[in-house]
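Notes follow the structure.
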Amino acid sequence: MALISLRQLLDHAAEHGYGLPAFNVNNMEQIKAIMEAASAVDAPVILQGSAGARAYAGEPFLRHLVLAAIDMYPHIPVCMHQDHGASPAVCIRSIQSGFSSVMMDGSLLEDMKTPASYAYNVETTRKVVDMAHACGVSVEGELGCLGSLETGRAGEEDGHGAAGELEHSMLLTDPDEAADFVRQTQVDALAIAIGTSHGAYKFTRKPTGQVLRIDRVKAIHQRIPTIHLVMHGSSSVPEDWAQMINDYGGAIGQTYGVPVEEIVEGIRHGVRKVNIDTDLRIASYGAMRKFMVEDRKNFDPRKLYKAAQTAMTAICRARYEAFGAAGQASKLKPMRLEDMSLAYARGELDPIVR
Ligand SMILES: O=C(COP(=O)(O)O)[C@@H](O)[C@H](O)[C@H](O)COP(=O)(O)O
């Protein structure tokens, strides 16, 4: 198979009524875990690299690891997506580096801390769309600031996330504004703020409809039915793995993530991409702590990494199955990015706004 654009992947997901987890990747073990799970259940894959991942692994390593995945699992279409681009320059460098999809996060200024004006968001996102679509590359925008509706704060993140306490209205994407944003920018996918936040500490109790606004997903979807909605901060923070970390000497506080059934409800109403990073961190970390305590004689780190990989594969597989992505990879025939760019130029991929 081959590299696939986010747009083609999510159009297929919309047509067949499923959603796709977009897992953050930083190293070989994470990528292999995801690919093993996808291969086992025949699911298409989105691998996404953040600024933190680029700082950790370096752009050449990230790029070659994804290319290795495409080589090793030729039957699985892979979208290589850049997560949270801080500026058009970041997005352009990713396109140059071979990404088939980029996110321009114009909800924040380039410092990735200060909430941006609507006009700034439209202008920077539109700039990226014009350049990316000319290359057949997809663009995800973001409208509204991610953060908790309980505390008004963004989650802890490696280098990005709004600083300070935000007003309630800034933490919820407005459906009318979303329609206007899509009309003006022509993005392929839109990350929306509905009360989710990055990291392990999302909710202080099992979230109700007051703090996890799936009703807002439905309202936005009605206005922009062909735009693929993206839920960031959508780890479910599995209790058993958090407990595993604590059982083996860790100190994870009481916390709740986004329940899988709420994500599935979102998928019924236009959510197609579901960002997940923390769940793989927690599972791999729990497995490594357990392994190190239980096998004190071991000195081969590969066994430790393998334990982490096995734990991550189980989470990925469960998400592919729950979101309905299992069995879909073999139905896809990736279009070349050149052909995607022609389709954009002919207006065939223009959004519908109601
Ligand atoms: O939504 C995301 C993850 O959600 P999660 O914390 O797993 O609920 C991603 O888009 C984040 O951007 C990602 O976790 C970034 O990680 P860093 O590499 O910047 O730490």
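First listed ligand is number 1; within each ligand, the first listed atom is number 1.
- Atoms of ligand 1 found under 4.0 Å from any heavy atom of Ile276 (numbered from 1 in listed order, with element): 7 (O).
- Proximity of the aromatic rings of His84 and His198 is defined here by a centroid distance below 6.0 angstrom, and this criterion is met.
- Close approach of ligand 1 to His84 (heavy-atom distance below 4.0 Å) involves ligand atoms 10 (O), 12 (O).
- Which parts of ligand 1 touch Asn24 is read off a 4.0 Å heavy-atom cut-off, strictly below it: atoms 9 (C), 13 (C).
- The shortest heavy-atom contact between Ala200 and Thr255 is O-OG1, 2.7 Å.
- At a heavy-atom distance under 4.0 Å, only backbone atoms of Ser234 (N, CA, C or O) approach ligand 1.
- Note that OG of Ser50 is 11.5 Å distant from CE of Met103, once rounded to the nearest 0.5 Å.
- If you check each of Ala200, Gly52, Ala191, Ser50 against atom 18 (O) of ligand 1, the one with the closest non-hydrogen atom is Ser50.
- Contact annotation: for Met103 versus ligand 1, there are no heavy atoms closer than 4.0 Å.
- With salt bridges taken as basic N to acidic carboxylate O contacts below 4.0 Å, none links Lys218 and Asp215.
- When all heavy atoms are compared, the tightest approach of Ile267 to Arg272 is O-NH1, 3.2 Å.
- A salt bridge does not link Lys113 with Asp111: every distance from a Lys NZ or Arg NE/NH1/NH2 to an Asp or Glu carboxylate oxygen is 4.0 Å or more.
- For Asp279 and Arg319, the salt-bridge test passes: some basic side-chain N is under 4.0 Å from an acidic carboxylate O.
- Less than 4.0 angstrom separates some heavy atom of Gly233 from each of these atoms of ligand 1: 1 (O), 2 (C), 4 (O), 5 (P), 8 (O).
- For ligand 1, the polar-atom distance check against Asp83 finds a nitrogen or oxygen pair separated by under 3.5 Å.
- Contact atoms of ligand 1 toward Asp277: 3 (C), 5 (P), 7 (O), 13 (C), 14 (O), 15 (C), 16 (O) (distance under 4.0 Å to a heavy atom of the residue).
- For ligand 1, the atoms closer than 4.0 angstrom to any heavy atom of Lys202 are 5 (P), 6 (O), 8 (O).
- Proximity of Leu62 to Val66: side-chain heavy atoms (C-beta onward) are nowhere separated by under 4.5 Å.
- Below 3.5 Å of separation, one finds no N or O of Asp279 facing any N or O of ligand 1.
- At least one N or O atom of Gly199 sits closer than 3.5 Å to an N or O atom of ligand 1.
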